[in-house]
Amino acid sequence: QVQLVESGGGLVQAGGSLRLSCAASGRTVSNYALGWFRQAPGNEREFVAGINWSGGGILYADSVKGRFTISRDNAKNTVYLQMNSLKPEDTAVYYCAARAMVVVTTTRSWNYWGQGTQVTVSS
């Protein structure tokens with residue numbers, strides 16, 4: 001079993017920045033791909049960014065590419081999402097997720113989920 005706990009969400013004005021963190025624990029955590037998804041009210045949960053177990057494979061949604069950066073520190077079993085140039089449309093609950101080995105963009109393919117952290121971007 002893998003447990004995931006997100007932190008770092010909050011309220012920020014458009015153009016501002018936030019850094020989300022997700023601490024992972026459990027068996028073979030370092031062998032898991034880690035990712036970030038988000039879900040706004042009335043919307044489906046969508047892929048934001050993912051990073052594979054080695055850190056050598058990274059994927060971003062087109063909507064955040066160039067603004068967000070995902071990274072991981074395997075020694076700390078933590079994945080980060082640095083969010084810059086935030087827009088109101090980035091407002092959502094952000095979820096950390098984990099799955100074996102490689103990043104995919106399909107929500108249903110991820111096995112473990114955190115509780116989520118709210119990110120609100122004001123105009």
Can you run down the disulfide bond (SG atoms under 2.5 Å apart) pairs that involve residues 86-123, sequence neighbours left out, and say none if there aren't any? Cys22-Cys96
Rounded at 0.5 Å granularity, tell me how far CG in Leu11 sits from CD in Gln118. 9.5 Å
Just grab all the salt bridge (Lys or Arg N to Asp or Glu O under 4.0 Å) pairs involving residues 73-88, residues at least two apart or on different chains. none
Apart from Phe37 itself, what residues make up its hydrophobic cluster, given side-chain heavy atom links below 4.5 Å? Phe47, Leu59, Val93, Tyr95, Val103, Val104, Trp110, Trp113
Heavy-atom side-chain proximity of Tyr60 to Ile51 below 4.5 angstrom: no
Any residue meeting side chain to side chain contact (heavy atoms under 4.5 Å, CB included) with Gln82, in chain and number order, not counting sequence neighbours: Ser17, Arg19, Thr69, Asn84
Contacts satisfying disulfide bond (SG atoms under 2.5 Å apart) that involve residues 36-78 (not counting sequence neighbours) are none
Would the distance check show the side chain of Asn31 and the main-chain N or O of Trp53 forming a donor-acceptor pair, the cut-off being under 3.5 Å? no
Mind checking side chain to side chain contact (heavy atoms under 4.5 Å, CB included) for Ala98 and listing every partner two or more places apart, or none if nothing turns up? Val2, Leu4, Tyr32, Leu34, Tyr112
Asn52: side-chain hydrogen bond (donor to acceptor under 3.5 Å, both in side chains) partners, not counting sequence neighbours: Ser54
Shortest non-hydrogen contact from Ala14 toward Pro88: CB-CD, 4.1 Å
For Val119, the side chain to side chain contact (heavy atoms under 4.5 Å, CB included) test, sequence neighbours excluded, returns Leu18, Leu20, Met83, Tyr94, Val121
Quick check: is Val12 connected to Leu81 through a chain of hydrophobic side chains (ILVMFWY, heavy atoms under 4.5 Å apart)? yes
My understanding is that only residues two or more places apart in sequence, or in another chain, count here; which of them pass side-chain hydrogen bond (donor to acceptor under 3.5 Å, both in side chains) with Arg99? none
Would you please name every residue forming a side-chain hydrogen bond (donor to acceptor under 3.5 Å, both in side chains) with Thr107, sequence neighbours left out? none
Residue pairs meeting salt bridge (Lys or Arg N to Asp or Glu O under 4.0 Å), one or both in residues 30-41, sequence neighbours left out, come to Arg38-Glu46, Arg38-Asp90
Hey, any chance Tyr80 and Val48 share a hydrophobic cluster, counting ILVMFWY side chains that come within less than 4.5 Å of each other, even indirectly? no
Taking only residues two or more places apart in sequence, or in another chain, which ones meet Thr106 in a side chain to side chain contact (heavy atoms under 4.5 Å, CB included)? Arg108, Ser109
Atom CD of Gln115 with >12 non-hydrogen neighbours under 6.0 angstrom: no
Surrounding CD of Gln13 (heavy atoms of other residues, nucleotides or ligands, distance under 6.0 Å), is the total greater than 12? no
